[in-house]
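To keep things clear, I will list the structure first and then write my remarks on it.
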Number of protein chains: 2
Amino acid sequence: MARAGLAAERVVRAGAELADEIGFERVTPSELARKLGIKTASLYSHVKNAHDLKTRIALLALEELADQASAAIAGRAGRDALGAFANAYRDYAFQHPGRFAAARFRLDAATAAASAGPRHSRMTRALLRGYDLPELQETHAVRLLGSVFNGYVELEMAGSFSHSAPSSEESWTEILDALDSLLRNWPASSS
Amino acid sequence: MARAGLAAERVVRAGAELADEIGFERVTPSELARKLGIKTASLYSHVKNAHDLKTRIALLALEELADQASAAIAGRAGRDALGAFANAYRDYAFQHPGRFAAARFRLDAATAAASAGPRHSRMTRALLRGYDLPELQETHAVRLLGSVFNGYVELEMAGSFSHSAPSSEESWTEILDALDSLLRNWPASSS
DNA sequence: TACGTTTGCCTAATGGTCTTAGGCAAATTA
DNA sequence: TAATTTGCCTAAGACCATTAGGCAAACGTA
């Protein structure tokens, strides 16, 4: 039949689809086996256990997320790149809510270091080259952007912005403008 | 036979402690019953089910969080208030990681509206009165601050900032300075 | 083509989970 | 003191994660 590893990858991909359908936190061996039309115990030849399954889905999602971001910033700079990068992140979250939740799954340090997470982080740094930040401030700015994108999408998906005006869409644009402005006028360190 | 003397509220408080000890996502009826020294089934006279238990812990955490924030901004304004407000949030997360995770538990719309969440949001708005924002931009700024605090603490607790220089502490201060600067020089809407 | 190996699924069994139902004795109230 | 409520119990059903051992079909190789 197929080579070793191919089947495992298929299982993980099905797990990612399942996450988008029913939510990442509800992805379990039994639920995935049901979707695949096999017995639960049969999954254990492809995946070590429930935690391993979730970890693999998380790694897949991080990879996809980094790919999207990479495509988004290619050939752009400044506000344009900032918007494209941020939108890639947010759009992915809405198109693949389960995978997006998977991308936020807590990985142990070693696994995280080997994931596409650092790649995403390097892209954020590349994005900032379009702005003229004091070198020491660059890391702070990277962390700020990560925090905003992360936090905004999480709150938005939780519905925090959906029951009051103005629209979340509008806030998102204004916030990107504000961040662009801030990056152009980053305050000198007080220390 | 000696009674454990449990009222529903006591059960919830024990649940909150348990969350801080083992993590919110691992708080379950059986685990909580173990901590209380009673049988799992006995919990069901105090709490409707596992989801109800988690919801009640979340409501408790949101209340505590709003109290901390309220105490923090009393008598302060501007950068001072911003820092105190943000630190109240972050400190709570580190002192009570399980409760903090509980505060981010997805509540249905009605429950969320009746929680202390809106109170916390109103305080953010009060904080912004110290800055001179165009009225239409105030909501955008509220959402930005919520996103940053939320996102930063989440990433920090996940360890994202702990394996590289500069220290997370330093970034936190710089980011608060940057936000203060941004709120003082909020860009005019482009639309 | 024939043969041993690998692969992908199976059944069976263990021990844990959540939840409901019904019961009993202590604490509280009248 | 008598009646009611409270806080726990045992029992049981359904579901879940995981391990162990087995079997048949597909594969690579001689």
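In the text below, chain A, chain B and the rest are named by the order of the sequence lines, each starting its count at 1.
- If you measure from atom OH of A:Y44 to atom P of C:dG8, you get 18 Å, rounded to the nearest angstrom.
- In the set D:dC8, D:dT18, C:dC18, the nucleotide with an atom closest to the side chain of A:N49 is D:dT18.
- For the pair B:K39 NZ and C:dC18 P, the interatomic distance rounds to 14 Å; values are reported in whole Å.
- Remark: B:R79 engages B:D177 in a salt bridge, criterion side-chain N to carboxylate O under 4.0 Å.
- Going from atom CG of A:L32 over to atom P of D:dC16 covers 13 Å, rounded to whole Å.
- Distances from the side chain of A:A41 to the nucleotides C:dT11, C:dC18, C:dC9 place C:dT11 closest.
- Residue A:S42 has no polar side-chain atom (N or O) positioned under 4.0 Å from OP1 or OP2 of C:dG8.
- Note on ring orientation: taking the six-membered ring where Trp is involved, the planes of B:F105 and B:H51 are tilted (angle from 30° to 60°).
- In this structure, A:I38 places its CD1 atom 20 Å from P of D:dC23, rounding to the nearest Å.
- Between A:L43 atom CG and D:dC16 atom P there is a gap of 13 Å when expressed in whole angstrom units.
- For B:I22, the CD1 atom sits in a packed shell: over 12 heavy atoms of surrounding residues, nucleotides or ligands are nearer than 6.0 Å.
- Rounded to whole angstrom, the span from the CG atom of B:L36 across to the P atom of D:dC9 amounts to 10 Å.
- A:E31 places its CD atom 16 Å from the C1' atom of C:dT17, with the value rounded to the nearest Å.
- At whole-Å resolution of the value, CG in A:D52 and P in D:dA17 are 14 Å apart.
- Residues A:A93 and A:M157 come closest through the heavy atom pair CB-SD, 3.8 Å.
- At the heavy-atom level, A:S30 lies under 4.0 Å from the strands shown only through sugar-phosphate atoms.
- For the OP1/OP2 pair of D:dT6 and a distance below 4.0 Å, the side-chain nitrogens and oxygens of B:H46 include no atom meeting the criterion.
- Within the 4.0 angstrom heavy-atom criterion, base atoms lie near A:T40.
- No more than 12 heavy-atom neighbours from other residues, nucleotides or ligands sit within 6.0 angstrom of CZ on A:R26.
- Backbone-only engagement by B:R34 is indicated by non-hydrogen atom pairs under 4.0 Å involving sugar-phosphate atoms exclusively.
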